[in-house]
*Asks:* 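Let me give you the structure first, and then I'll get to my questions.
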Amino acid sequence: MRASSPTSWLRSPTPFMEATVPIEYSGRGIDADADAARLRAALNAVELPPALTAIAHLTGDLSLVDQSLRGLPDPAEVLPRPHGGMTDDQRAEAIDRAAAAMADFARNGGRSKGGPSDETLRQLLHFITGPIDDAYLPLLLHELGIPYDRSAPSWTQEDFRPKKPLRVLVIGAGMSGIACSHRLAQAGIEHEVFERGDDVGGVWRENTYPGCRLDTINFGYSYSFAQKNDWPHQFSKRDEVLGYFRDVADSIGLRARTRFGAEVTRLQYDESRRLWLVTSSSAQRGVQTDEFDIVISAVGQLNHPSIPEVPGRDSFQGAQVHTGAWDHSLELAGKSVALVGAGASAFQVGPALVDDVAQLTVFQRNAPWMVPTPAYHDPVTEPMQWLLDRVGPYHRWFRFHQLWSNVEGMRRFARVDEEWADDGLSVSELNLRLRQTLSDRMLERYDDRPDLAEYVVPTYPPFSKRVLRDNGEWARMLKHRNTTLVTSGIERLTVDGIVSNDGSTHAVDAIVWATGFDASNFFQPMEIVGAGGVTLQDFWEGEPRAYLGTSYPGFPNFFSIYGPNTNLAVNGSIVLFSECAIDHILMCLRELLEHNATVVEVRNDTFNEYNDMIDAENSLMAWGASSVTSWYKSASGRISQNSPLPTLDYWKMTHNEVTNAYLFR
């Protein structure tokens with residue numbers, strides 16, 4: 001398998017199935033003499049640590065990952081320094097060594113000899129991470145995927161129960177559902193996927209509004225088992241992300257086991273038969289009920305648009321559209337448009353509309369925090385693409401470098417210092433330092449508009465709400481001659497416009513609701529009825545909770561991925577967290593099969609102890625301490641969305657033995 005070729009992960013001899021076959025890499029087409037200058041130029045233009053690590057991996061020259069070449073970043077610094085803090089002299093020395101190593105490698109045939117040993121991988125990893133606890137190594141090796149897919153099940157259902165297969169249903173064919181189906185197939189577990197849409201992709205299929213794209217770096221927003229080296233942008237556009245999920249789904253044969261257009265409306269657990277009755281509705285089949293031994297929900301959190309109940313909303317005679325359900329027949333060019341919201345989707349759609357509309361009125365309840373990201377809309381640079389194409393393992397090490405920068409990310413800046421004098425603006429000295437740095441960067445964009453400056457810096461601590469990416473586009477939109485910013489809130493809608501709380505009337509032709517999703521109403525529209533006829537909603541009593549986001553006492557043989565308290569705000573990767581949850585579910589299924597049990601159910605004490613810990617930890621994070629309104633909270637005020645855990649803690653918990661946490665009957 002030549003990982004340097006475009007989408008090479010799609011063209012392994014047996015895609016994803018030969019999970020323990022080491023990956024062989026090449027330095028494709030590098031000429032030791034002709035490309036020497038090109039290589040140096042590329043290394044001067046990219047973030048150096050992952051490039052050095054990739055070349056050391058490819059050539060076997062471990063002098064490239066000598067700790068003397070590393071920078072010494074300050075753990076308290078707010079914004080990371082380029083190249084991990086390497087000095088100019090360290091960079092020059094490293095580039096000299098890399099150029100020499102690649103020249104020798106090319107002259108000797110240009111192909112690596114097998115995968116590196118675990119000890120070599122440890123040395124390569126430590127060049128990027130610095131000295132770390134060895135407890136991180138299983139997590140890091142999983143994400144790196146070298147020399148093989150380390151989380152592939154080492155067992156199959158036939159090992160334990162060949163004559164009585166489990167009947168498993170996965171609900172949803174988005175990011176989590178695709179990964180779950182892949183792992184089940186690797187374990188030889190028969191399953192079906194019910195998907196309400198007509199294609200895979202989840203939120204990336206459904207969200208089509210102008211400007212829609214990732215706000216996490218694209219290499220990190222990919223599966224450990226399906227890494228990709230030809231992303232065209234650093235933060236991918238919506239179509240690029242959807243294309244990736246479609247390609248993975250095709251490669252693993254997911255479509256053949258998926259029932260598209262089937263929306264699950266009810267799950268009923270039959271205690272006497274120990275199975276789930278699943279009611280679904282589709283245009284082709286109508287309403288029908290199927291039986292499954294195990295049900296795994298992968299429906300996600302951000303899939304039901306939320307529009308606030310504003311008085312007079314039904315009286316407005318113009319067009320109304322939510323970013324999560326965009327109407328492409330809607331023509332907004334030359335119109336007067338209201339943009340309601342200042343969160344993630346508003347941040348993307350507003351700048352995409354402002355140049356075409358006659359008037360854009362932005363209704364902002366809370367100003368968003370933004371972190372400087374100059375390359376947010378930029379394509380992958382030509383030097384970087386050259387390295388991705390020529391240095392086989394580079395895309396894996398670049399992805400790993402991105403992951404590591406977010407493993408614990410900026411979690412320390414979101415942590416509450418209980419001794420800190422609470423002024424409502426910060427939660428610790430580090431949080432205040434972050435506030436000052438981000439405020440200064442944001443205000444620089446409004447030097448020419450002091451009338452806007454007082455409205456763009458949030459009045460709540462950083463990380464109380466989702467932090468956005470700042471490449472200047474939001475400021476450009478607010479300063480546009482066609483834009484008016486309204487911060488007094490909305491009183492009501494009228495036939496032809498919006499009345500704000502200050503009494504002003506704003507005539508508009510159309511309203512774009514960028515008001516997010518009904519995130520705390522998990523699993524809608526499904527009614528989930530467990531043992532004793534208790535619904536999951538009644539069990540929650542308005543406060544969604546789960547064990548590891550995956551399981552619920554009283555609801556045997558039912559699991560979820562990206563369930564309560566698994567959303568991430570400051571650390572980790574949601575793809576990684578979903579893969580962790582899937583690994584955990586597979587461990588439960590293995591235990592079920594190995595002990596010839598028919599029922600698996602999380603213990604009450606396990607569930608309660610875990611959620612007590614989650615609540616205590618969330619109260620010590622900025623989003624739990626702040627009173628600002630956000631989608632992180634349920635109607636009761638409980639933080640039902642976010643995980644407060646360090647990435648390593650969630651990894652360990654999802655990979656611990658399951659026998660003490662669950663009942664198997």
Side-chain angles (χ1 to χ4, degrees), residues 135-136 139 142-143 174-176 179-180 203 215-216 220-221 224 297-302 344 403-416 427 431 461-467 516-517 519-523 540 543-552 559-585 602 606-626 630-634 636-656 661:
Y136 276 102
L139 161 63
H142 158 89
E143 279 300 294
M175 179 271 290
S176 296
C180 185
V203 295
D215 58 7
T216 57
Y221 195 82
S224 64
S297 171
V299 300
Q301 298 180 13
L302 308 178
L403 168 87
W404 179 251
S405 67
N406 288 293
V407 161
E408 303 311 341
M410 303 190 79
R411 186 176 180 275
R412 62 191 183 281
F413 291 95
R415 187 76 174 173
V416 172
V427 297
N431 190 255
F463 294 123
S464 300
K465 294 168 66 77
R466 188 173 181 176
V467 176
F517 298 89
S520 62
N521 193 356
F522 287 85
F523 308 128
W540 280 337
E543 297 185 345
R545 293 166 293 158
Y547 175 59
L548 298 172
T550 65
S551 47
Y552 313 82
F559 298 95
S560 63
I561 309 165
Y562 195 28
N565 293 116
T566 55
N567 183 68
L568 303 177
V570 292
N571 63 297
S573 154
I574 193 57
V575 179
L576 167 59
F577 266 51
S578 288
E579 288 196 45
C580 287
I582 293 164
D583 289 350
H584 180 77
I585 293 168
V602 68
T606 301
F607 177 88
N608 290 329
E609 288 170 10
Y610 177 80
N611 281 282
D612 287 346
M613 180 271 293
I614 288 291
D615 288 343
E617 289 296 307
N618 264 327
S619 71
L620 295 175
M621 304 303 288
W623 51 80
S626 173
S630 79
W631 65 271
Y632 295 161
K633 302 174 182 178
S634 65
S636 71
R638 179 183 184 269
I639 301 296
S640 59
Q641 312 298 327
N642 285 8
S643 169
L645 300 178
T647 302
L648 180 60
D649 285 4
Y650 189 71
W651 168 272
K652 287 180 176 179
M653 290 178 183
T654 51
H655 290 82
N656 284 340

*Asks:* Charged N to carboxylate O below 4.0 Å: is that the case for Asp215 and Arg466?
*Replies:* yes
*Asks:* Using modelled atom types and a 3.5 Å cut-off, is there a donor and acceptor pairing between side-chain atoms of Glu579 and backbone atoms of Ser224?
*Replies:* yes
*Asks:* For Pro644 and Trp623, work out which heavy atoms get closest and say how close.
*Replies:* CA-CZ2, 4.2 Å
*Asks:* When the aromatic ring centroids of Phe607 and Tyr547 are compared, is their separation below 6.0 Å?
*Replies:* no
*Asks:* Using a 4.5 Å cut-off on heavy atoms from C-beta on, say whether the side chain of Trp631 contacts that of Leu302.
*Replies:* yes
*Asks:* With rounding to the nearest 0.5 angstrom, report the CH2 to OG distance, Trp540 to Ser640.
*Replies:* 9.0 Å
*Asks:* Is there a side-chain contact between Arg411 and Arg415 in this structure, where contact means two heavy atoms from C-beta onward sitting under 4.5 Å apart?
*Replies:* yes
*Asks:* Taking Leu645's backbone N and O only, do any of them form a donor-acceptor pair with Asp649's side chain (distance below 3.5 Å, no angle check)?
*Replies:* no
*Asks:* Would the distance check show the side chain of His655 and the main-chain N or O of Trp651 forming a donor-acceptor pair, the cut-off being under 3.5 Å?
*Replies:* yes
*Asks:* Decide yes or no for Thr647 and Phe577: does some side-chain heavy atom of the first lie under 4.5 Å from some side-chain heavy atom of the second?
*Replies:* yes
*Asks:* Can you find a pair of side-chain heavy atoms, one from Met621 and one from Phe463, that are under 4.5 Å apart?
*Replies:* no
*Asks:* How close do Tyr552 and Arg545 get, heavy atom to heavy atom, and via which atoms?
*Replies:* CE2-O, 3.1 Å
*Asks:* Compare all side-chain heavy atoms of Leu139 with those of Leu576 and state whether any distance is below 4.5 angstrom.
*Replies:* yes
*Asks:* Please check: side-chain N/O of Ser551 versus main-chain N/O of Leu548, any donor-acceptor pairing under 3.5 Å?
*Replies:* no
*Asks:* Under a 3.5 Å distance rule, please check whether Ser520 uses its side chain to pair with a backbone N or O of Ser634 as donor and acceptor.
*Replies:* no
*Asks:* Ignoring hydrogens and geometry beyond distance, is a side-chain donor-acceptor pair present between Asn431 and Arg412 at under 3.5 Å?
*Replies:* no
*Asks:* Considering non-hydrogen atoms only, spot the tightest contact between Ala622 and Val416 and give its length.
*Replies:* N-CG2, 4.1 Å
*Asks:* Do Ser560 and Ser297 pair up side chain to side chain, a donor and an acceptor below 3.5 Å, judged on atom types alone?
*Replies:* no
*Asks:* A side-chain contact here means heavy atoms from C-beta on lying under 4.5 Å apart; do Met410 and Asn571 qualify?
*Replies:* no
*Asks:* Tell me, do Phe522 and Pro564 make a side-chain contact under 4.5 Å, heavy atoms counted?
*Replies:* yes
*Asks:* Using modelled atom types only, decide if a donor and an acceptor are shared between the side chain of Thr654 and the backbone of Tyr650 within a distance under 3.5 Å.
*Replies:* yes
*Asks:* If you take all heavy atoms of Lys465 and Ser630, which pair is closest and at what distance?
*Replies:* CG-CB, 3.8 Å
*Asks:* Check whether Arg638 reaches the backbone of Pro544 with its side chain - one donor and one acceptor, N or O, closer than 3.5 Å.
*Replies:* yes
*Asks:* Can you tell me how far the CD atom of Glu408 sits from the CG atom of Leu648, to the nearest 0.5 Å?
*Replies:* 7.0 Å
*Asks:* If you compare all heavy atoms of Asn618 against all heavy atoms of Ser643, which two are closest, and at what distance to 0.1 Å?
*Replies:* OD1-C, 4.4 Å
*Asks:* Going by heavy atoms in the side chains, are Cys180 and Ile561 under 4.5 Å from each other?
*Replies:* yes
*Asks:* Would you find a donor on one side and an acceptor on the other, under 3.5 Å apart, between the side chain of Asn565 and the backbone of Asn642?
*Replies:* yes
*Asks:* In sequence, state the C-alpha distance, the side-chain angles, and the governing distance for Tyr562 and Asn567, and then conclude on side-chain hydrogen bond (donor to acceptor under 3.5 Å, both in side chains).
*Replies:* CA-CA 7 Å; Tyr562 195 28; Asn567 183 68; 2.9 Å; yes
*Asks:* With a 4.0 Å cut-off, would you call Glu543 and Lys633 a salt bridge?
*Replies:* no
*Asks:* Judged by atom type as modelled, is there a donor-acceptor pair below 3.5 Å linking the side chain of Thr606 to the main-chain atoms of Val602?
*Replies:* no
*Asks:* Kindly give the heavy-atom pair with the smallest separation between Leu403 and Ser573, and that separation in Å.
*Replies:* CD1-CB, 4.4 Å
*Asks:* Is the side chain of Thr566 donor-acceptor paired with the backbone N or O of Gly563 at a distance under 3.5 Å, no angle test?
*Replies:* yes
